[in-house]
Amino acid sequence: MSLRRGIRSRKFLVTGLAIGLISTAVAAGATGDVPTGMSRGAPTTTPRAAPAPPITRPMAPAPVAIAQLPPVTPRPIWGEPASREQREATVAAVRAYLTAADAVYTRGSAVGDAEKRVATGAALGEIAAATEELTSQKRHQSGSVTMASASAYLQPEEDRVLVVTCLDSSAVTLTEDDDTGRNRRVRTASRAGTRTALHEYTLEKAGDHWVVLLHSLPDDMSCAR
């Protein structure tokens with residue numbers, strides 16, 4: 001499958017949506033569970049309400065060693081499985097990409113050298129666009145996604161591999177500042193395994209390491225088949 005054909009056959013993420021946010025929204029079953037257009041009332045002269053109490057968030061499970069990470073259920077469209085060495089190297093590269101992206105979303109900072117080492121092209125642009133959107137909407141992410149399973153597949157293009165992974169974004173929390181200065185919870189963390197979805201990452205070799213080039217979504221995002 002050529003890269004051009006692969007682009008046509010996969011639904012790419014809408015530019016400007018954070019990884020944790022898009023996976024929680026789809027895994028929840030409806031975008032309405034993550035509202036993006038909350039109405040805001042006009043300022044009043046009533047006393048400002050006290051800030052919401054601290055949230056006790058479920059902790060994300062500790063990362064599983066790549067070698068022990070279970071594979072996803074294969075699909076013919078993904079191609080031929082990569083070797084064990086390629087799988088471990090490329091899945092580790094995707095994990096590094098996810099870690100870097102979540103760190104940027106949490107800090108609300110610009111993309112730096114750390115992100116440029118793990119991503120390039122559209123995948124790097126996605127991090128920058130998502131950070132800008134979170135900032136413009138006065139939203140803040142905390143928590144991070146984890147890999148529940150992952151597989152790697154060879155691609156016709158030389159030095160390219162497709163990693164398909166089931167991401168668990170249950171530990172991701174999203175809050176929004178409203179016009180009164182309060183911090184409104186848009187997405188609350190939940191028990192591990194309750195928000196999962198399949199994601200696809202196309203990687204290419206950059207010298208002695210792998211970098212994420214493209215992030216896309218399969219037509220069927222269910223992790224369990």
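Atom set for the values below is all heavy atoms of this structure, side chains included, hydrogens, waters and symmetry mates excluded.
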Counting distance only, does the side-chain N/O of Glu115 pair as donor-acceptor with the main-chain N or O of Gly112 below 3.5 Å? yes

Any sub-3.5 Å donor-acceptor pair from Ser144's side-chain atoms to Asp102's backbone N or O? no

N-O pairing of Glu204 and Arg160 below 4.0 Å: yes

Got a second to check how far Asp177's CG is from Gln137's CD, nearest 0.5 Å? 12.0 Å

Find out if a path of hydrophobic residues (ILVMFWY) with successive side-chain heavy-atom gaps under 4.5 Å connects Val118 to Leu124. yes

Is Arg87 reaching over with its side chain to a backbone N or O of Ala150, donor-acceptor style, under 3.5 angstrom? yes

Can you tell me how the ring of Tyr97 sits relative to the ring of His215, calling it parallel under 30°, perpendicular over 60° and tilted otherwise? perpendicular

Leu98/Leu167 under side-chain contact (heavy atoms from CB on, under 4.5 Å): CA gap, chis, key distance, verdict: CA-CA 10 Å; Leu98 295 172; Leu167 295 185; 3.5 Å; yes

Flag yes if Val91 and Val211 sit in one hydrophobic cluster, no otherwise; membership is Ile, Leu, Val, Met, Phe, Trp, Tyr, and two members link when side-chain heavy atoms are under 4.5 Å apart. no

With sequence neighbours excluded, tell me which residues meet side chain to side chain contact (heavy atoms under 4.5 Å, CB included) with Ala92. Ile66

Val145/Arg195 under side-chain contact (heavy atoms from CB on, under 4.5 Å): CA gap, chis, key distance, verdict: CA-CA 10 Å; Val145 297; Arg195 298 175 191 149; over 6 Å; no

Mark yes or no for whether Ser170, through its side chain, and Thr194, through its backbone, hold a donor-acceptor pair below 3.5 Å. yes

Begin from the C-alpha positions of Thr90 and Val94 and carry the test side-chain contact (heavy atoms from CB on, under 4.5 Å) through to its verdict. CA-CA 6 Å; Thr90 54; Val94 171; 5.7 Å; no

Would one find more than 12 heavy atoms of other residues, nucleotides or ligands at under 6.0 Å from atom CD of Glu80? no

When rounded to the nearest 0.5 Å, the distance separating CG of Leu213 from OG1 of Thr120 is 6.5 Å

Just by modelled atom types, is the Gly193 backbone N or O under 3.5 Å from a matching donor or acceptor in the Thr196 side chain? no

Side-chain heavy atoms of Ser142 within contact of Tyr105, under 4.5 Å: no

Look at the side-chain heavy atoms of Ile, Leu, Val, Met, Phe, Trp and Tyr, link any pair under 4.5 Å apart, and say whether Val111 and Leu134 land in one connected group. yes

CZ of Arg95 to OH of Tyr201, rounded to nearest 0.5 Å, is 12.5 Å

Test side-chain contact (heavy atoms from CB on, under 4.5 Å) on His140 and Leu174 and set out the steps. CA-CA 6 Å; His140 312 279; Leu174 194 67; over 6 Å; no

Are Ile77 and Leu154 joined in one hydrophobic group, where the rule is that I, L, V, M, F, W and Y side chains link up if heavy atoms are under 4.5 Å apart? no

Residues Gln141, Thr106; criterion side chain to side chain donor-acceptor pair (under 3.5 Å); working and verdict: CA-CA 5 Å; Gln141 176 179 313; Thr106 299; 4.9 Å; no

Can you check whether Met147 reaches Leu69 side chain to side chain, under 4.5 Å on heavy atoms? yes

Holding to salt bridge (charged side-chain N to carboxylate O under 4.0 Å, His left out), I want the full list of residues that pass it with Arg117, two or more places apart in sequence or in another chain. none

Which value, rounded to the nearest 0.5 Å, describes the distance between Asp220 atom CG and Leu198 atom CG? 7.0 Å

Apply side chain to side chain donor-acceptor pair (under 3.5 Å) to Glu132 and Thr135, showing your working. CA-CA 5 Å; Glu132 291 176 5; Thr135 301; over 6 Å; no

Backbone N/O of Ser149 and side chain of Thr165: donor-acceptor pair under 3.5 Å: yes

Verify, without hydrogens or angle tests, whether Gln86 (side chain) and Ser83 (backbone) share a donor-acceptor contact under 3.5 angstrom. yes

